[in-house]
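The block underneath contains the structure these notes are about, expressed in structure tokens.
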Amino acid sequence: MEIRWFAMHLSSMLQKNILQFLDAERDVSVVKSSFKPGDVIHYVLDRRRTLNISQDLHSLLPEVSPMKNRRFKTCAVVGNSGVLLKSGCGKEIDSHDFVIRCNLAPVVEYAADVGTKSDFITMNPSVVQRAFGGFRNESDREKFVHRLSMLNDSVLWIPAFMVKGGEKHVEWVNALILKNKLKVRTAYPSLRLIHAVRGYWLTNKVHIKRPSTGLLMYTLATRFCDEIHLYGFWPFPKDLLGKPVKYHYYDDLKYRYFSNASPHRMPLEFKTLYVLHNKGALKLTTGKCI
Ligand code: CTP
């Protein structure tokens, strides 16, 4: 009883501290009234370069925050580590009230281990190249449209304003959503989100260069969820028994976060989340669910 009280107290303290840095309800997405078509903005992590707000992008901006007044008892944030394979965590993940996933990771083929419920899913622009052949063929585009149509009216969160390089991919994605009248609810993180999240962790002595998608999602979730359960967070090439673990459960991408070239410091992030897990502020599952 006392331990549970301590854990709840700690989660709400954490939530209050994070709130001093970011207003997750607002920063989760810019809204239509923030811009008009033709506006020019500076990329968040590359201030010298600019992006034009196109008609398509503007028409897909939400009228109000997609997370306005949303509150859940339990949430799952699902990272993409290969540690999920053979975990049997699918059912447990799907049992949470709100499920957040990263980078449009496939689910159907891996349902037993990762579940299928996706209420909120992120998509870095690079996913178009990496998982959908850069939309070179009609079949790549069809595969993408099919994947989005499975999301129904879930939130599709596209960090479009971070760095230059993905603008044409974002435009293609926007055009496909509009052309196919997909119901997915698009969201584009605010220009200050990443700095606010980084600022919060830096003041807590977690020196991250750039928060990973998973850490961003956990930080946002503290605002909307009473209890947060993390799955698929394991940024290490081996498990505790020394068996190899894939970087992603669904592709053959190699580990990059030990090199300086990587923008993230996932092992440090993991250590931080593990400390919070031990204090009871969140639940990190890195093994089997059954
Ligand atoms: N993750 C992890 N261990 C891994 C792979 C991923 O803990 N082996 C977590 C990270 O928090 C990561 C999230 O799962 O952010 C989603 O994975 P991925 O799609 O690879 O994340 P990105 O942060 O977008 O990485 P990148 O910027 O390199 O694409």
Side-chain angles (χ1 to χ4, degrees), residues 43-46 75-87 89 93 99-107 110 113-115 118 120-132 134 147 156-166 169-170 173 188-189 193-194 197-198 200-201 206 208-222 228-240 243-277 282-287:
Y43 282 100
V44 175
L45 300 172
D46 189 358
C75 298
V77 180
V78 187
N80 285 334
S81 164
V83 81
L84 279 165
L85 293 171
K86 301 206 179 106
S87 68
C89 287
I93 291 175
V99 179
I100 302 173
R101 296 184 192 268
C102 302
N103 280 322
L104 216 54
V107 286
Y110 305 94
D113 294 328
V114 310
S118 308
F120 188 112
I121 190 156
T122 75
M123 195 199 100
N124 287 347
S126 56
V127 166
V128 171
Q129 194 61 46
R130 226 180 249 168
F132 298 94
R147 179 73 184 91
L156 176 69
W157 189 85
I158 309 176
F161 314 133
M162 295 297 167
V163 282
K164 195 167 172 64
H169 293 139
V170 174
V173 166
Y188 306 83
L193 176 75
I194 201 153
V197 170
R198 185 166 173 263
Y200 167 74
W201 290 105
V206 184
I208 37 175
K209 278 196 274 182
R210 186 167 137 191
S212 73
T213 306
L215 188 69
L216 277 175
M217 289 303 117
Y218 165 70
T219 314
L220 285 174
T222 59
I228 303 176
H229 297 246
L230 306 182
Y231 303 86
F233 283 67
W234 186 262
F236 309 106
K238 290 192 174 154
D239 69 12
L240 292 175
K243 286 212 207 104
V245 177
K246 289 177 71 186
Y247 176 54
H248 282 161
Y249 66 84
Y250 52 87
D251 65 20
D252 291 323
L253 210 68
K254 297 285 172 249
Y255 286 82
R256 295 167 298 155
Y257 32 73
F258 295 120
S259 83
N260 279 337
S262 161
H264 304 310
R265 296 188 69 186
M266 286 189 198
L268 173 68
E269 292 182 0
F270 180 86
K271 202 173 123 197
T272 308
L273 295 169
Y274 189 64
V275 170
L276 291 173
H277 165 88
L282 57 86
K283 178 141 191 291
L284 192 54
T285 298
T286 55

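We count ligands from 1, going down the list as the structure has it; atoms in each ligand are counted the same way.
- Close placement of the Tyr110 and Tyr249 rings is indicated, their centers lying within 6.0 Å of each other.
- The closest heavy-atom contact to atom 22 (P) of ligand 1, among the options Leu273, Val127, Val77, Thr213, comes from Thr213.
- The shortest non-hydrogen separation linking Asp113 to Ile93 is O-CD1, 4.1 Å.
- Here Phe236 and Phe270 bring their ring centres to under 6.0 angstrom of each other.
- The residue Arg101 has no part lying near ligand 1, judged by heavy-atom distances below 4.0 Å.
- The part of Trp234 lying near ligand 1 is the backbone, judged by heavy-atom distances below 4.0 Å.
- Heavy atoms of Pro235 found under 4.0 angstrom from ligand 1 belong to the backbone as well as the side chain.
- Classification of Asp251 and Lys246 as a salt-bridged pair fails, no side-chain N sitting under 4.0 Å from a carboxylate O.
- Within ligand 1, counting atoms from 1 as listed, the ones closer than 4.0 Å to a heavy atom of Asn103 are 18 (P), 19 (O), 21 (O), 22 (P), 24 (O).
- With hydrogens and angles disregarded, a donor-acceptor distance shorter than 3.5 Å links the side chain of His277 to the backbone of Leu284.
- Close approach to His248 involves these atoms of ligand 1, each under 4.0 Å from a residue heavy atom: 18 (P), 19 (O), 20 (O).
- With ligand atoms numbered from 1 in the order given, ligand 1 contributes 1 (N), 2 (C), 7 (O) to contacts under 4.0 Å with heavy atoms of Gly232.
- Short contacts between ligand 1 and Asn124, defined as distances under 4.0 Å to a heavy atom of the residue, involve ligand atoms 24 (O), 27 (O), 29 (O).
- Atoms of ligand 1 lying under 4.0 Å from at least one heavy atom of Arg130, given by number and element, are 29 (O).
- A donor-acceptor pair under 3.5 Å is formed between the side chain of Arg101 and the backbone N or O of Val114.
- Listed by atom number, the atoms of ligand 1 under 4.0 Å from Cys102 heavy atoms are 16 (C).
- With sequence neighbours excluded, the residues satisfying side chain to side chain contact (heavy atoms under 4.5 Å, CB included) with Val163 are Leu45.
- Between the choices Val78, Asn80, Asp251, Thr122, the shortest heavy-atom distance to atom 14 (O) of ligand 1 belongs to Asn80.
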